[in-house]
Number of protein chains: 2
Amino acid sequence: MAKQNKDVTRRNSKGQTLETFLKSYDPDRYPKPSVTTDIVVFTIQNKEVGNRRMRNQKELQVLLVKRRDHPYIGQWALPGGFLEMNEGLLESAKRELQEETNVQDVYLEQLYTFGEALDRDPRMRVISVAYMALIGKGKQRIVASDDAEDAKWFSIKRKENWRRLDETSDRFEVQRLEKSTTYELISDDGEMIAFELLKKIERRGATQEKEITSLSEEGLAFDHHEILDYALERIASKAEYTPIVFNLMPERFTLSDLQQVYEVILNQPLYAANFRRKIAHMVEETGSYEENTQRRPARYYKYKFNWNSWE
Amino acid sequence: MAKQNKDVTRRNSKGQTLETFLKSYDPDRYPKPSVTTDIVVFTIQNKEVGNRRMRNQKELQVLLVKRRDHPYIGQWALPGGFLEMNEGLLESAKRELQEETNVQDVYLEQLYTFGEALDRDPRMRVISVAYMALIGKGKQRIVASDDAEDAKWFSIKRKENWRRLDETSDRFEVQRLEKSTTYELISDDGEMIAFELLKKIERRGATQEKEITSLSEEGLAFDHHEILDYALERIASKAEYTPIVFNLMPERFTLSDLQQVYEVILNQPLYAANFRRKIAHMVEETGSYEENTQRRPARYYKYKFNWNSWE
DNA sequence: AGAATAGTGTCTGTTAGACAGTATCGC
DNA sequence: GCGATACTGTCTAACAGACACTATTCT
């Protein structure tokens with residue numbers, strides 16, 4: 001598909017045509033950074049609740065992998081790995097997911113490319129292209145393999161804390177915000193990873209600059225806490241104007257289920273009546289109902305395609 | 001800032017500590033792709049209109065650079081170049097912009113990373129991290145240098161054409177859209193670059209896939225037409241919910257000026273009354289008025305910081 | 001009847017869109 | 001007064017937020 005300069009006879013300042021230029025070009029003249037893809041895989045977990053009469057709770061989970069080798073040996077990290085020369089970026093993300101965790105056929109979206117700090121990886125300079133994946137739980141069986149000693153789902157609990165450093169005032173041109181987020185990642189079998197992120201946002205005129213630091217020594221390998229945080233922001237904002245959330249849902253679901261999922265993603269409670277009105281155009285009744293509940297059974301819905309859902 | 005595994009004595013399967021592991025690690029064991037940053041620089045041009053009584057027209061312009069060497073020698077491309085080992089990604093974008101075009105101190109934002117096609121660059125495998133820059137025209141003097149034979153502003157004219165391949169229907173799970181966009185880039189001195197992009201959007205359930213192809217042999221170097229198109233989408237969508245547009249404005253401006261800028265970015269006309277209400281909270285009167293107009297002079301406004309503009 | 005959730009109705013205030021109408025300058 | 005743009009008022013329909021209320025199941 002590569003479009004070439006039609007004028008193949010044109011010569012450069014050294015008198016070379018394209019062909020002779022390419023033959024003499026040394027692709028390794030300059031040192032290169034390594035490129036990796038890292039994937040933030042989210043799913044929804046249904047947490048049983050003691051009282052059988054009450055509805056199950058939902059939790060947002062992220063898939064982590066325990067590192068088998070240095071650096072950060074034994075620590076939890078996002079699945080991912082080095083880009084190979086014969087694959088596209090997206091393809092690489094898919095492959096890494098498959099190799100390390102056995103996850104396949106999922107919604108996958110490029111997030112952001114991380115490569116500011118020169119020492120993100122102690123081995124060498126690394127640029128990471130981050131992806132986000134969404135899957136319905138139970139659809140896939142997670143299997144740790146390859147560089148991963150283990151692979152597990154961790155439930156995400158987070159609390160945000162805003163602080164305004166400059167009070168609003170027409171006199172100041174620069175305004176600062178600080179947001180600290182405490183994270184607790186807890187696996188199904190009780191292992192916990194806790195850390196705290198500090199986000200400094202500085203607004204000068206119409207420009208905004210962010211700086212993220214980790215306040216904890218513990219936590220995820222590399223700067224993966226930052227990537228996770230970015231992914232959480234992205235899914236929350238996309239949930240508001242696209243049907244992206246349905247990638248986390250099973251075929252059939254109740255509106256209460258769906259609402260709970262929106263609530264864990266947006267990290268805030270919603271009014272049922274308003275929620276139902278808002279998503280009405282994206283769902284469709286199936287005709288069937290919940291069974292064996294010890295309260296009024298809810299209707300099952302399914303996703304309904306709609307041109308207006310996307311923009 | 002690199003956070004290390006605290007347990008420096010821990011050994012991997014080969015019995016190595018972190019220190020001995022790093023010493024024996026060969027960063028060049030695997031071949032690496034090259035990494036570049038490419039920058040889409042936008043500005044607004046005030047186009048004089050014959051009739052002195054009428055208001056000037058605005059045009060959205062992009063900064064292009066004429067390639068001095070193979071590949072795509074003599075063709076127009078986005079400014080950009082290879083990432084160096086001692087600089088962050090953002091830093092690299094800034095440096096390339098400075099070196100090739102003399103542009104400095106601008107709003108800069110990471111867009112997306114392009115690296116699907118293996119032959120994007122005929123020399124070797126290249127991953128491009130694309131940035132978008134916004135500057136007010138006249139603030140900077142453009143100077144071509146380095147790998148660039150020339151550097152010029154091109155006004156962007158585009159026409160979009162939507163086509164729905166499947167009519168809406170509850171029976172189909174897959175829905176397809178095609179959008180073809182014809183571009184005409186015209187420099188201040190009359191040079192024109194024309195091309196047409198075809199975007200195929202396929203929606204399956206809650207998933208959307210895009211595929212972009214160029215319908216023209218001519219056009220920009222590499223896949224830079226695709227990057228430009230992406231940048232235009234981004235600035236339009238961000239214009240709707242952030243004050244990003246003010247990065248293109250001079251210190252003082254009239255609301256008609258501002259409206260025209262929004263119109264070229266959104267590529268559609270706006271109602272003045274509605275527009276004024278919408279942006280009212282982001283601007284502030286300066287007290288001064290236009291002078292020497294041959295019609296009613298407009299008030300000058302300036303950007304006003306507001307916490308609510310950003311989210 | 002009571003516990004628990006499913007699901008609906010409605011009031012209020014805000015906003016988007018469309019358009020008509022008034023204001024003000026230079027000539 | 002005319003040409004041209006600056007700026008304002010207002011109607012309507014849609015929507016977001018908050019909350020009260022009804023419905024249905026099992027025990």
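Because the structure is a prediction, the values reported are computed rather than measured. Below, chain A is the first sequence line, B the second, and so on; all start at residue 1.
Partner of A:Phe246 under the ring-ring contact (aromatic ring centres under 6.0 Å, His included) criterion, chosen from A:Tyr303, A:Phe305, A:Tyr262, A:Tyr107: A:Tyr303.
By the 4.0 Å N-to-carboxylate-O rule, B:Arg295 lies close enough to B:Glu290 to be salt-bridged with it. A salt bridge links A:Asp257 to A:Arg55: one of the charged nitrogens lies within less than 4.0 Å of a carboxylate oxygen.
One can place CG of A:Asn292 at 16 Å from C1' of D:dT24, the figure rounded to the nearest angstrom. The distance between atom CD of A:Gln260 and atom P of C:dG7, rounded to the nearest whole Å, is 13 Å. In this structure, B:Glu240 places its CD atom 14 Å from C1' of C:dT15, rounding to the nearest Å. As a whole-Å value, the separation of A:Leu270 CG from C:dA6 P is 14 Å. One interatomic measurement links the two molecules: NZ of A:Lys278 to C1' of D:dA18, which rounds to 14 Å at whole-angstrom precision. Whole-Å rounding puts the A:Phe275 CZ to C:dT8 C1' distance at 16 Å. In this structure, CZ of A:Arg276 is placed 18 Å from P of D:dA18, rounded to the nearest angstrom. The interatomic distance linking B:Ile279 (CD1) with D:dC7 (C1') rounds to 12 Å, in whole Å.
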Look for any protein N or O under 3.5 Å of an N or O in nucleotides 18-25 of chain C and output each such pair with its distance, or none.
from   : atom 1 : to       : atom 2 : distance (Å)
C:dA18 : N7     : B:Asn274 : OD1    : 3.4
C:dA18 : N7     : B:Asn274 : ND2    : 2.9
C:dA18 : N6     : B:Asn274 : OD1    : 3.0
C:dA18 : N6     : B:Arg277 : NH2    : 3.1
C:dC19 : OP2    : B:Tyr271 : OH     : 3.0
C:dA23 : N3     : B:Arg296 : NH1    : 2.7
C:dT24 : O4'    : B:Arg296 : NE     : 3.3
C:dC25 : O2     : B:Arg296 : N      : 3.1

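Taking B:Asn274 as the reference, B:Arg277 meet the side chain to side chain donor-acceptor pair (under 3.5 Å) condition, with sequence neighbours excluded.
Between the side chains of B:Arg203 and B:Gln175, no donor-acceptor pair of N or O atoms lies under 3.5 Å.
Annotation for A:Phe275 and A:Leu255: closest pair CE2-O, 3.8 Å, computed over non-hydrogen atoms.
Among the nucleotides D:dA6, C:dA6, D:dA4, the one closest to the side chain of A:Arg55 is C:dA6.
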